[in-house]
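Notes follow once the structure below has been shown.
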Protein chains: 2
Amino acid sequence: MSLRYGLLGLLAEGPASGYDLARRFQEVLGRIWPAQHPKIYAELRRLADDGLIEVDSEGPRRRTAYRITESGVAEIRRWLAEGDVDHTMRLQPLLRSLFFWLMEPDDLDRHLRREVEFYSGMAEQYSAYAERKDRGEFGTAPPVQSMRVTIEAAVRLSQALADWARWASEHQPPAGHPSTE
Amino acid sequence: MSLRYGLLGLLAEGPASGYDLARRFQEVLGRIWPAQHPKIYAELRRLADDGLIEVDSEGPRRRTAYRITESGVAEIRRWLAEGDVDHTMRLQPLLRSLFFWLMEPDDLDRHLRREVEFYSGMAEQYSAYAERKDRGEFGTAPPVQSMRVTIEAAVRLSQALADWARWASEHQPPAGHPSTE
DNA sequence: AAGCGCATGTAAAGGGTTACATGATTGC
DNA sequence: GCAATCATGTAACCCTTTACATGCGCTT
């Protein structure tokens, strides 16, 4: 159900085609809410059937841009204000960590180093993006401000996971250095 | 695919029935990797068909406990060492935050306060659990140590999200107090 | 004219949730 | 005997991903 509202929300910023939306989902939302184009096109049609969006313009190569309708705006506002928040995380790295005890110390070490690298890199990327926003490179329109907030969460979460992975590797009995117990 | 390995990993700790596993998924993994019993029973049968687990014992009320086989242990070890890590997050609260600009300031305020409360509570719950582990209430067996690591991640993530929600409400133009601009 | 990127779609399969259903055992 | 809990399962549905497919328009 969330993709539906993701699309509505993006369209609330202005008209866009399925292709545009797919790109934005990939670029901005890739790690937060992945969505592939088949799902996007299908959902757009359902949104149009329900009268929440309508065709805005048609361009070359069958390009079809949609714009949000009044009831569409009402619907996403309703969702934001009344809809239940889903707090599910479903983080595979955490599921894996439950089974660290099954891993060879060397493999675990390697795994954790990679995780630190991955999440540090992610944190840096998002930080850089946040800085550009803060320098006003994208303007100060409301949608940009909200995106700044989202990016802040991404920064904090990847930072937290990087720190955690570092903590975990220190917390493990170091490989090749059996405890002096 | 991850549920498969989740089940294998839990069975690596010792024999358990589908019912046991469903409870453990709910209690421990509820927020990290939710799984409902129909999926669990189905997956258990597939694991048995593939020879990765086998029936350990049968009890009252058709209870069937499974134990992991040697190839099952090999398979989860292989996954842990070689399988690709999926770093997808898919956090609905972050998707929502992209659209904060569409919300009435009052609704947003209320939403963020609830989020702070929710994640603080979650952080506290996990912290309490971590403390009990640290006091040795659950022993010091390897699976318990790994679980301690997982819980640490849960604590840090919920803390990060609680902090973020607090930051976000301060970052928003406060409702009813228009800026002195 | 060739190749790339734009732009949309279908089909199949996989993964997960919800609703429905059933029967056995335990505790009161 | 009754209610609660244990324990398993089926069916339908929804959401998502992957693979396959097609054709247009722009650039070189």
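We name chains A, B, ... by the order of the sequence lines, and we start the count at 1 in each one.
Residues from residues 41-50 of chain A with heavy atoms under 4.0 angstrom of DNA chain C, sorted by number: A:Tyr41, A:Arg45. Sorted by residue number, the list of members of residues 6-21 of chain B with any non-hydrogen atom under 4.0 Å from DNA chain C is empty. Of the residues in residues 80-95 of chain A, not one comes within less than 4.0 Å of DNA chain D through any heavy atom.
Salt bridge A:Asp109/A:Arg113: present, at least one basic N to carboxylate O contact under 4.0 Å. Between A:Arg24 and A:Glu13 there is a salt bridge, with a side-chain nitrogen of the basic residue lying less than 4.0 Å from a carboxylate oxygen of the acidic one. A salt bridge between B:Arg114 and B:Glu117 is absent, with no side-chain N of the basic residue lying under 4.0 Å from a carboxylate O of the acidic one. Comment: B:Asp49 does not engage B:Arg46 in a salt bridge, judged by the lack of any side-chain N to carboxylate O separation of less than 4.0 angstrom. The pair B:Arg166-B:Glu170 fails the salt-bridge criterion, with no side-chain N (NZ, NE, NH1 or NH2) lying under 4.0 Å from an Asp/Glu carboxylate O.
Checking A:Gln36 against B:Ala65, the closest nucleotide of DNA chain D that is more toward the 5' end is the one next to B:Ala65. For the pair B:Arg23 and A:Pro34, both in contact range of DNA chain D, the more 5′-proximal nearest nucleotide belongs to B:Arg23.
What separates CD of A:Gln26 from P of D:dT17 is a distance of 11 Å, to the nearest Å. Taking atom CD1 on B:Ile40 and atom P on D:dG9, their separation rounds to 12 Å, with Å as the unit. Summarising the geometry, the separation between CD on A:Glu58 and P on C:dG9 is reported as 10 Å, rounded to the nearest angstrom. Between the CH2 atom of A:Trp33 and the P atom of D:dT16 there is a distance of 6 Å, given to the nearest Å. If you measure from atom CZ of A:Phe25 to atom C1' of C:dT8, you get 17 Å, rounded to the nearest angstrom.
In this structure, B:Ser2 reaches neither bases nor backbone, as no heavy-atom distance under 4.0 Å exists between it and the strands shown.
Every residue was checked against the salt bridge (charged side-chain N to carboxylate O under 4.0 Å, His left out) condition with B:Asp86, not counting sequence neighbours, and none meets it.
In this structure, CZ on A:Arg110 lies 11.5 Å from CD on A:Glu115, to the nearest 0.5 angstrom.
Cluster membership for A:Val116 and A:Leu91, using ILVMFWY side-chain heavy atoms within less than 4.5 angstrom, is not shared. Both B:Phe118 and B:Met89 belong to a common hydrophobic cluster when Ile, Leu, Val, Met, Phe, Trp and Tyr are linked at side-chain heavy-atom distances under 4.5 angstrom.
Scanning both residues, B:Phe99 and A:Leu10, for their nearest heavy atoms gives CE2-N, 3.6 Å.
A distance-only check finds a donor-acceptor pair linking the side chain of A:Ser71 to the backbone of A:Gly51 [under 3.5 Å].
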Practice prompt. Could you go through the salt bridge (Lys or Arg N to Asp or Glu O under 4.0 Å) check for A:Glu152 and A:Arg148 one step at a time?
Written response: CA-CA 6 Å; A:Glu152 180 70 19; A:Arg148 175 65 184 85; 3.1 Å; yes
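Close to D:dC15, at under 4.0 Å from its OP1 or OP2, lies no side-chain N or O of A:Lys39.
The environment of CD in B:Glu70 is sparse: at most 12 heavy-atom neighbours from other residues, nucleotides or ligands sit within 6.0 Å.
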Response to the item:
Protein heavy-atom contacts under 4.0 Å, written 5' to 3' over nucleotides 19-28 of chain C as B (base), S (sugar-phosphate only) or - (none), form the string B----BBS--
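Residues in residues 58-78 of chain B take part in no ring pair (Phe, Tyr, Trp, His ring centres under 6.0 Å) pair, two or more places apart or across chains.
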